[in-house]
**Q** 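Let me begin by handing over the structure; questions about it come next.
Quick note: residue numbers are just sequence positions, from 1.
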Amino acid sequence: MPQIIPIKELKNTSEISEMCHKTDEPIYITKNGYGDMVIMSMENYERTMHNQTLYRDIQVSEQQIGNGQVKDARVSLAEMRAKYGL
């Protein structure tokens, strides 16, 4: 379940850091009762960015397939072997 805290609690940085690492989920910060920021651990952030990059690459690949920009796997492997001396 997501953690939601008011912005005034940002003074307790060590406690918030511990919460980020303990739950492995982002913490939502509110200001005047409305969503304002999200805080997360570096590990969670890096994993999220990695997944975002992966999803973007899949989307590009699907667009290329839809546009007919495909190459036969055997031809592609042969080109890689020749290029890298495998």
**Q** Closest approach of C20 and S41, non-hydrogen atoms and distance?
**A** CB-N, 3.9 Å

**Q** Under a single-linkage rule joining Ile, Leu, Val, Met, Phe, Trp and Tyr whose side-chain heavy atoms are separated by less than 4.5 Å, which residues share a cluster with V70?
**A**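 Under the 4.5 Å side-chain rule, V70 groups with I65.
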
**Q** Please round to the nearest 0.5 Å and tell me the distance separating atom CD of E9 and atom CD1 of I4.
**A** 12.0 Å

**Q** For the CD1 atom of I27 and the CD1 atom of I5, what is their distance to the nearest 0.5 Å?
**A**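 The distance works out to 5.5 Å.
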
**Q** Quick one: list whatever passes salt bridge (charged side-chain N to carboxylate O under 4.0 Å, His left out) with D36, sequence neighbours left out.
**A**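 Here no residue qualifies.
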
**Q** In the hydrophobic clustering (ILVMFWY, side-chain contacts below 4.5 Å, transitive), which residues join L54, or is it alone?
**A**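 Besides L54, the hydrophobic cluster comprises I58, listed by chain and residue number.
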
**Q** Can you hop from Y28 to I16 via hydrophobic side chains spaced under 4.5 Å?
**A**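 Y28 does not cluster with I16.
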
**Q** Around atom CG of N32, are there more than 12 heavy atoms from other residues, nucleotides or ligands closer than 6.0 Å?
**A**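 Check fails, neighbour count at 12 or below.
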
**Q** Please identify each residue that fulfils side-chain contact (heavy atoms from CB on, under 4.5 Å) with E46, with sequence neighbours left out.
**A**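 Only M42 meet the side-chain contact (heavy atoms from CB on, under 4.5 Å) criterion with E46.
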
**Q** With heavy-atom distances below 4.5 Å as the criterion, would you say the side chains of I7 and M37 are in contact?
**A** yes

**Q** With salt bridge (charged side-chain N to carboxylate O under 4.0 Å, His left out) as the rule and sequence neighbours excluded, what pairs involving residues 70-86 come up?
**A** K71-E79

**Q** Under a 3.5 Å distance rule, please check whether T53 uses its side chain to pair with a backbone N or O of M49 as donor and acceptor.
**A** yes

**Q** What I'd like to find out is whether the side chain of Q63 reaches to under 4.5 Å of the side chain of Q69, using heavy atoms alone.
**A** no

**Q** Just do the side chain to side chain contact (heavy atoms under 4.5 Å, CB included) check on I39 and M19 with the steps written out, would you?
**A** CA-CA 10 Å; I39 300 174; M19 286 174 29; over 6 Å; no

**Q** If you round to the nearest 0.5 Å, how far is OG1 of T30 from NZ of K8?
**A**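 Atom-to-atom, K8:NZ and T30:OG1 are 9.5 Å apart.
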
**Q** What residue pairs, at least two apart or across chains, pass salt bridge (charged side-chain N to carboxylate O under 4.0 Å, His left out) with a residue in residues 13-25?
**A**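 Every pair satisfying salt bridge (charged side-chain N to carboxylate O under 4.0 Å, His left out) with a residue in residues 13-25: D24-R47.
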
